[in-house]
Amino acid sequence: MSKKTANAAVAHRGYNVENPRKSWLLTLVMGLMLIYTYLPLLWLFISSTKTQGDLFSTFGLWFGHDFALWDNIRETLTYNDGQFVRWFLNTLMYVVLGAGGSVLLSVLAGYGLAKFDFPGKNAVFAIVIGAVAVPGTALAVPTFLMFAKLGLTNTPWSVIIPSLISPFGLYLMWQFTRDAVPTELLEAARIDGASEFRTFRQVALPLLGPGIVTVALFAIVATWNNYFLPLIMLKDASWYPLTIGLNAWNAQAATAGGQAIFNLVITASLLTIIPLIAAFLSLQRFWQAGLASGGVKE
Amino acid sequence: MSAIPVPAGAPAAAQHKTVPERRPKRRWTGWGFVGPFMTVFAFVFLAPILYSIYLSLFQKRMVGGNQFVGLDNYTQLLADPQFWEAFRRVALFLVIQVPIMLTLSLLAALAIDSLKLYGTAFFRISIFMPYAVPAVVAALMWGFIYGNRFGLVGSLSDLLGVSIPDPLGANVILVSIGNIVTWEFVGYNMLIFYSSLKTIPHSLYEAAAIDGASEWRIITAIKIPALRGALGIATIFSIIGSFQLFNEPSILQSLAPNAITTYYTPNYYAYNLSFAGQQYNYSATVAIVMGLITMAVAYLVQLRGNREN
């Protein structure tokens, strides 16, 4: 087949890399995956509109006799003197201090690794990457014992301090800085007499936006969803984050004399995921750009 | 730890830039930026690892308190049927769940990257969405759906007039956990693959299409090879995740107390040993051995991946 006819054949089939013909079949098949994705979330939403009685007696994927969503939300927020609100605020605190600190450390260290040559640089790489391969299991118990000796367990610090380190955040920022910040620009600022920190703040930082949003979003998810660490570190319910609180409410039904509050567990679950989903949706343009820019070279 | 996102394909593409045109002078200034991270890192990563090794060499005795016992804890572990049962369980989980999840992720990434879907952006964000749902909420939701009290599975059984096996029963619960983990991480792995596919220059597709390559051929000859690095990374993180399985069984435990034992997974075993049994030294040993096995398996997988290259 000559090149010309091949071209014609390609054109005939309508193959167009930038804008191929849409396929209903493929969309339909992928639609099954969408159903799988949304089914539990739909169940969660519908269930949070039901009274506890309806939860037990009506079909899971359709509404019950009473639309109790607002009552459920009110009860969730006020149950046990507003325990849920307290946990919500705790979670916010862990996110602001833990995830915030983690982003700060990652950005600084990523910049340091990308733009400086310093004694021990290779060792830093080897140690951080080696440590990533160590499963969290191996760390949890000794971290707990170490923190217990230091009197840090059962305080917010026991959750915040370990959240400060995200080897992945460091890795991403290192990659991102290398691609997004031209060394010549830094040289120019230095020649103009700017200090190292000022060069970083005024020249590099503004260029790092999408990378920072991406690292921040993943750090926020990790902190918001953190379960294992607070589970072992915290005994006092007043320091619980939402995840531990939710599980405590759920476990309550199984304990002797405990009150079953499934409608509240379900409504609280819904309230727990809404902020994160909102963050992902509203920031998606930035974080998807940040995630892809690590390797886009065209 | 199981959920560390990785920008796939990045290392290879960025490698050219490692050697800058003008090498920066070797100075200590960089430590000013890296120092804070490394200080906290030493405190929350290195110190606990060393402490863990130290703990595993001791035993608390009725008489004499804490005693150095060398490798006794390790020999005890090698003969511990509960540990090996837990280990076999996560190994089985790994062999079955991970390929299913990664295949689904790969198909989704290829479908979304093909631009042939109506509403591509909606698919991309929707499938990724469960990653934002905490493992606790995911396990609770699915646990309730599985349950016979107000679950869907029960309703479905009644509706169809057949008896679907109880998802919370001892025989099926591992599959049920696999479903939860798949639901949580398909979208996350899809995103890794997708961002890796985005780095392929479109001119390659055009050239292939002009040469008469079919859609299928483009996928097998261009896209899949380009995904090799991303697949390797996703596989290794899935291995680590499987061996560390904890959240889902720990949360489902209250819904399925008879199916989930205290040593259901190695991680859950280590947790129960230390927090219910006060056996800190033995618990540290379990954690170290699982850590070593995980690293060895991850290393072997990487080695094989490299050889195939």
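Every chain is numbered from 1, with letters handed out A, B, ... down the list of sequences.
Your options are A:Leu113, A:Ile232, A:Val221, and the one with the most heavy-atom pairs under 4.5 Å with chain B is A:Ile232. Among the candidates B:Pro36, B:Ser126, B:Ala121, the residue making the largest number of heavy-atom pairs closer than 4.5 Å to chain A is B:Ser126. Looking only at heavy-atom pairs under 4.5 Å with chain B, the residue among A:Leu25, A:Thr272, A:Val124 that has the most is A:Val124. The candidate from A:Leu34, A:Leu44, A:Leu246 with the greatest count of non-hydrogen atom pairs under 4.5 Å with chain B is A:Leu34. Considering only heavy-atom pairs separated by less than 4.5 Å from chain B, the leading option among A:Trp24, A:Phe147, A:Phe197 is A:Trp24. Contact tally against chain B (heavy-atom pairs below 4.5 Å) for A:Val29, A:Asn250, A:Leu164, A:Leu145: the top residue is A:Leu145.
Neither the backbone nor the side chain of B:Ala298 comes within less than 4.5 Å of any heavy atom of chain A. With a 4.5 Å cut-off on non-hydrogen atoms, B:Leu117 touches chain A through its backbone and its side chain both. Contacts between B:Phe275 and chain A at a heavy-atom distance below 4.5 Å involve the side chain alone, from C-beta outward. Of the atoms belonging to A:Thr243, heavy atoms from both backbone and side chain fall under 4.5 Å from chain B. Both the backbone and the side chain of B:Ala47 come within less than 4.5 Å of a heavy atom in chain A. Contacts of B:Val136 with chain A are made by side-chain atoms alone, with heavy-atom separations under 4.5 Å and no backbone atom involved. Contacts between A:Lys50 and chain B at a heavy-atom distance below 4.5 Å are absent for every atom of the residue. For B:Tyr194, no part lies under 4.5 angstrom from a heavy atom of chain A.
Considering only residues two or more places apart in sequence or on other chains, A:Leu28 meets the side-chain contact (heavy atoms from CB on, under 4.5 Å) condition with none of them. Applying the side-chain contact (heavy atoms from CB on, under 4.5 Å) test to A:Ile274 and every residue at least two apart in sequence or in another chain returns A:Leu270.
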